[in-house]
Amino acid sequence: MTLAAADNRSSWTSAIRWRSVTGIWLRHWTSYIRYWKITITWVLIEPAVALVAVGFGIGQLVVEVEGANSYAEFVTPGIIMGSAMFHALFETSWNAYHRIDNQIYETQLTTPITVFELTLGDVAWAVTRSLMTTVSVAAFAVALGWIDQWSAVGILIPAVLSGMVFGTMGFFFAATAPYTVFLSLVFTLVATPLYFFSGSFFPISVLPDWVEPVAWAMPLTPAVHMARGFATNSLEFSHLWSGLYMVGMILVFWPIAVWLMRRRLIK
Amino acid sequence: MIRVTNLYKRFGDIHAVNGISFEVKKGETYGLLGPNGAGKTTTMRMLSALSPLTSGSITVGGIDVTKHGREVRKILGVVTQHDGHDSGLTVLQNLSLHGYLEGLSLKQAKVRAVEVLTFFGLEDRAGANVYELSGGMKRRLAISRALLTQPPVVVLDEPTTGLDPQSRNRVWEQLAVMKRAGVTVLMSTHYMEEAATLCDRLAIMDHGRILDEGAPDALVDQHAGEEVAQVRTESETALAALRERLADTPYRLHEVGAMATVTSENGKRPDLTGLTGVRVTYRQGNLEDVFLALTGRELRDE
């Protein structure tokens with residue numbers, strides 16, 4: 001592939017060196033648990049606060065919602081997937097930019113690692129973070145009785161896929177950001193609109209007709225849809241399409257992410 | 001051990017490296033000496049497979065960097081210009097996780113990390129955050145990181161830039177130990193003392209080209225002379241007389257800054273007796289003078 005030819009470090013066909021991937025993942029894990037007292041607030045406490053506020057608070061106002069027994073049940077998978085998105089996206093945008101800016105990637109690239117393996121390790125870590133927040137918030141929701149534990153296990157599937165979709169997407173920002181403030185766009189352009197308009201807080205069907213297809217095309221929507229399928233035990237074909245849509249995005253986003261990162265790091 | 005042939009690097013319209021060739025033998029310490037922007041860093045980045053070549057070739061230990069970048073990085077220890085330490089990790093974690101990424105087992109990596117920390121006198125800082133280290137310590141940590149896997153070839157980009165003289169001496173001592181251990185070293189620097197102290201041979205670089213290469217003493221003899229004259233004068237006429245005196249001789253007058261320097265192309269001390277209105281002092285020729293003689297400019301732009 002021409003993408004690989006531009007770089008003397010790797011080709012898509014060459015074997016993946018798994019040590020590179022585990023090495024990067026281990027670096028993230030080591031750093032993360034050093035600060036676990038801080039990081040847990042984002043993994044568990046912040047989304048749990050949102051869950052309780054919205055589930056209890058707004059739930060009081062909502063008498064009936066399409067496709068769930070209560071508003072709390074409706075909103076639980078949405079908030080969990082939103083949190084999974086935030087973690088993955090933040091990891092490969094803000095944190096990856098920090099690693100570019102402080103030559104941490106450069107140091108890693110002096111070992112026998114390729115840029116593709118670097119993104120593999122980072123995305124593996126982004127997925128780990130999506131899973132950590134999904135497991136902890138879902139466990140909390142199970143305790144509240146808003147989701148049953150078997151459905152919660154099913155939600156891990158869209159959590160992994162979101163980790164990969166947003167983990168690869170985050171690199172678009174890290175690799176092109178000229179300065180740190182640029183990364184605010186991650187929130188203003190991606191995370192915040194997606195958080196609110198992906199069917200997390202209200203069914204997409206309440207949106208004006210012309211907005212609906214746009215909302216369905218947004219990258220967080222399939223994750224929320226699939227998670228809700230598991231949460232409300234209403235799995236059908238449309239959830240499979242959501243899964244395939246996410247796989248499609250991953251297959252498109254990943255090569256772009258690698259290309260952009262290579263352009264940024266190897267020059 | 002390292003062979004660079006006809007190497008070019010272009011960034012758009014900028015010719016950062018403009019057709020250089022050199023060779024570093026096994027166990028040798030080879031320096032690239034030149035001012036900022038001479039192409040030293042770009043050359044070292046290409047050698048470490050951190051930058052694609054525009055044309056030419058580089059082999060390290062007989063392995064082609066372009067074709068087998070991964071294999072080259074297995075035998076290469078790299079100290080990049082920026083320390084590139086990981087602020088999310090402790091000093092020891094920085095090393096042991098780097099060693100793991102290099103291919104050591106976690107256990108081996110930890111053992112080696114402690115060994116290199118001890119060698120560089122940083123063992124009592126193992127649990128510290130990297131941002132708590134002084135500049136000199138950070139630099140030593142970067143060098144120790146490059147030595148984790150005991151690579152046969154080490155590339156150091158400006159190992160002592162920005163360090164105070166004490167820290168610089170300390171780094172030099174340790175590089176000398178490394179050299180005695182038989183490691184092949186390629187280093188870049190814009191400090192002529194550093195090049196003169198550490199390098200067996202060096203290349204004088206400017207504007208992406210190698211102007212000359214050789215052993216430090218040989219280069220000084222050839223381009224500057226064992227002794228150079230420094231001329232101080234405030235009189236234009238005296239300077240003009242000096243210029244005339246030196247015309248068609250093997251001596252060259254370089255008027256840079258407040259002082260004029262006379263270098264020699266035949267190794268002999270320039271005879272400046274009988275000139276009026278000037279103060280002449282003689283001192284030992286050095287690599288600065290070589291650079292001056294080759295480019296007409298001073299090496300240091302500080």
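Chain letters run A, B, ... following the sequence lines, proteins first and then strands; every chain starts at 1.
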Between [X] and [Y], which heavy-atom pair has the shortest distance, and what is it?
| X | Y | result |
| --- | --- | --- |
| A/Ala15 | B/Arg70 | O-NH2, 3.4 Å |
| A/Ser31 | B/Gly88 | OG-O, 3.4 Å |
| A/Thr111 | B/His98 | CG2-CE1, 3.4 Å |

Select one option (side chain, backbone, both, neither) describing which atoms of A/Arg17 are under 4.5 Å from chain B's heavy atoms.
both
Using heavy-atom distances under 4.5 Å, tell me whether A/Leu265 contacts chain B through its side chain, its backbone, both, or neither.
backbone
Distance check, rounded to the nearest 0.5 Å: [X] atom [atom1] versus [Y] atom [atom2]?
| X | Y | atom1 | atom2 | value |
| --- | --- | --- | --- | --- |
| B/Leu89 | A/Arg34 | CG | CZ | 7.0 Å |
| A/Asn102 | B/His82 | CG | NE2 | 10.5 Å |
| A/Thr110 | B/Leu50 | OG1 | CG | 7.0 Å |
| B/Ser87 | A/Ile104 | OG | CD1 | 5.0 Å |

Is A/Leu185 atom CG crowded by more than 12 heavy atoms from other residues, nucleotides or ligands, each under 6.0 Å away?
yes
So does A/Ile33 have more than 12 non-hydrogen atoms from other groups sitting under 6.0 Å from CD1?
yes
Chain A contact via [X] - which portion, at a heavy-atom distance below 4.5 Å:
| X | value |
| --- | --- |
| B/Gln93 | side chain |
| B/Thr149 | neither |
| B/Thr54 | neither |
| B/Leu97 | side chain |
| B/Leu148 | neither |
| B/Asn94 | neither |

Side-chain contact test, heavy atoms from C-beta onward, threshold under 4.5 Å: evaluate it for [X] versus [Y] and give yes or no.
| X | Y | answer |
| --- | --- | --- |
| A/Pro112 | B/Glu102 | yes |
| B/Leu106 | A/Leu26 | yes |
| B/Thr80 | A/Gln103 | no |

Closer than 3.5 angstrom, by distance alone: can the side chain of [X] be matched with the main-chain N or O of [Y] as a donor-acceptor pair?
| X | Y | answer |
| --- | --- | --- |
| B/Ser51 | A/Lys267 | yes |
| A/Arg19 | B/Tyr100 | yes |
| A/Thr107 | B/Gly84 | yes |

Give the C-alpha distance, both sets of side-chain angles, the deciding distance and a yes or no for side-chain contact (heavy atoms from CB on, under 4.5 Å) between A/Glu106 and B/Arg45.
CA-CA 10 Å; A/Glu106 183 168 280; B/Arg45 286 179 60 85; 2.5 Å; yes
